[in-house]
Novice: 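Before I ask anything, here is the structure I am working with.
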Amino acid sequence: MNKKIIELKNITKTFEHHQVLKGIDLTIYENEFLTLLGPSGCGKTTILRIIGGFEEADSGSVIFEGTDMSKLPPYKREVNTVFQKYALFPFMSVFENVAFGLSLKKMDKKVIQEKVEHMLHLVGLRGFEKRNINQLSGGQQQRVAIARALVNEPKVLLLDEPLGALDAKLRKEMQVELKKIQKEVGITFIFVTHDQEEALSMSDTVVVMNEGIIQQIGSPIDIYNEPKNRFVAQFIGESNIVPAIMKEDFLVSFDDQDFKCVDHGFLSNEDVEVVLRPEDLILSKPEYGQLTGTVTSITFKGVHYEIIVNSHHRDYKVQTTHYYEVGTEVGMSVIPDNIHVMHKMKEA
Ligand SMILES: Nc1ncnc2c1ncn2[C@@H]1O[C@H](COP(=O)(O)OP(=O)(O)O)[C@@H](O)[C@H]1O
Ligand SMILES: [Mg+2]
């Protein structure tokens, strides 16, 4: 495991009687690409601002390489931020924008030249040095903003929804690009997004948040396959979430059927919830299914069809490459590995 670079310890923050962060504990490691993921308003930007020093927590501490930096002003932190609004200087050239921080530090002209050229190369903007900012596309401006932050060689880069303003295709390209840049420079990225696909495809670690509380921390695969609760399961992907009873270890019951599963450690007969991904439900003839149901709709989605099957208890969303007429009676099965049992979430 890499060395710890930042630790947040029991951070709380209240704005106008509204508690926005409710005790955030988070450890971030060197070279990690960590993403804060959650719906708008859940407190992601506030966490970044507290790490950057633009906002002070009400309680708790921000530890940087073992030292409390809660009271340090932003410019004394080895952290740089790329905001959603890039805030580039419109009257300066690309070169001048990237060189700005280094010029302020009165660094040697030749060293500045080298560093800026290196960064522009890294973000794919070699040859754009003399261009004006308003002669650049949104994606190119985004790259300038990243180069400008990275040229200062921060130990940590904070990125607050930096791709939010780009159209879908460019956004995908920049996701790949950013990940590549992060690997090349080897510094810690703390990335904020409300887009689950973006978070899953780019990150080493995803932190899922809701209403000022961390719901789950894990690798993208863990978060997708082993969501800790209904919120994470729903936020991360389209899921069937079914109320169930954990009869005993490795045996769960829903829709009046018993299913073998791989989960254990629950109370006997505990009320639980089961996550079934649409791609994990297997359709068959009715007599071969663990459950049966009726196809009530079918929608072509490009790679697959999305089908709704009514099991007489509830609707299930199913993905399949086969076409079924509405009204067809089908069987539905799921292998034990693809049944994921969760503790029931307490209603807030
Ligand atoms: N300076 C502020 N004053 C008052 N309320 C704020 C301030 N900053 C953020 N908030 C509120 O705190 C909550 C969390 O905001 P934010 O951290 O920006 O969420 P996110 O980035 O996840 O969308 C929101 O309800 C927002 O309106
Ligand atoms: Mg935000």
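First listed ligand is number 1; within each ligand, the first listed atom is number 1. Values below: all heavy atoms of this structure, side chains included; hydrogens, waters and symmetry mates excluded.
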Novice: What I want to check is whether the side chains of His313 and Asp256 have a donor and an acceptor closer together than 3.5 Å.
Specialist: yes

Novice: Return the minimal non-hydrogen interatomic distance between Ser284 and Gly289, and the atom names on each side.
Specialist: OG-N, 3.6 Å

Novice: Looking only at protein heavy atoms, which one is nearest to atom 18 (O) of ligand 1, and what is the separation?
Specialist: Thr45 CB, 3.5 Å

Novice: Hey, looking at atom 13 (C) of ligand 1, which of Ile50, Val20, Thr14 has the closest heavy atom?
Specialist: Val20

Novice: Has ligand 1 got any nitrogen or oxygen that is less than 3.5 angstrom from a nitrogen or oxygen of Glu16?
Specialist: no

Novice: Taking N, O or S atoms only and a limit of 2.8 Å, check whether Thr45 reaches the Mg ion (ligand 2).
Specialist: yes

Novice: Does the pair Glu56/Lys13 count as a salt bridge with the N-to-O cut at 4.0 Å?
Specialist: no

Novice: For Gln140, does its backbone N or O pair with a side-chain atom of Ser137 as donor and acceptor, under 3.5 Å?
Specialist: yes

Novice: Quickly, which of Phe91, Phe89, Phe95 forms a ring pair (Phe, Tyr, Trp, His ring centres under 6.0 Å) with Phe100? Name it, please.
Specialist: Phe89

Novice: Which residue holds the protein heavy atom closest to atom 10 (N) of ligand 1, what is that atom called, and what is the gap in Å?
Specialist: Phe15 CD1, 3.4 Å

Novice: State which residue, out of Thr27, Leu26, Leu34, fulfils the side-chain contact (heavy atoms from CB on, under 4.5 Å) condition with Ile217.
Specialist: Leu26

Novice: What pair of heavy atoms forms the shortest contact from Pro90 to Asn132, and how long is it?
Specialist: O-OD1, 3.0 Å

Novice: With atom 16 (P) of ligand 1 as the reference point, say which of Val192, Leu48, Thr46 has the nearest heavy atom.
Specialist: Thr46

Novice: Considering all protein heavy atoms, does one lie under 4.0 Å from atom 26 (C) of ligand 1?
Specialist: no

Novice: Would you check the N or O atoms of Glu55, main chain and side chain alike, for any that come under 3.5 Å of an N or O of ligand 1?
Specialist: no

Novice: Check each of Gly41, Gly43, Gly38, Gly212 against atom 24 (C) of ligand 1 and report the one with the nearest heavy atom.
Specialist: Gly41

Novice: Check each atom of ligand 1 against the heavy atoms of Ser40 and keep those under 4.0 Å away; list them by number with element.
Specialist: 23 (O)

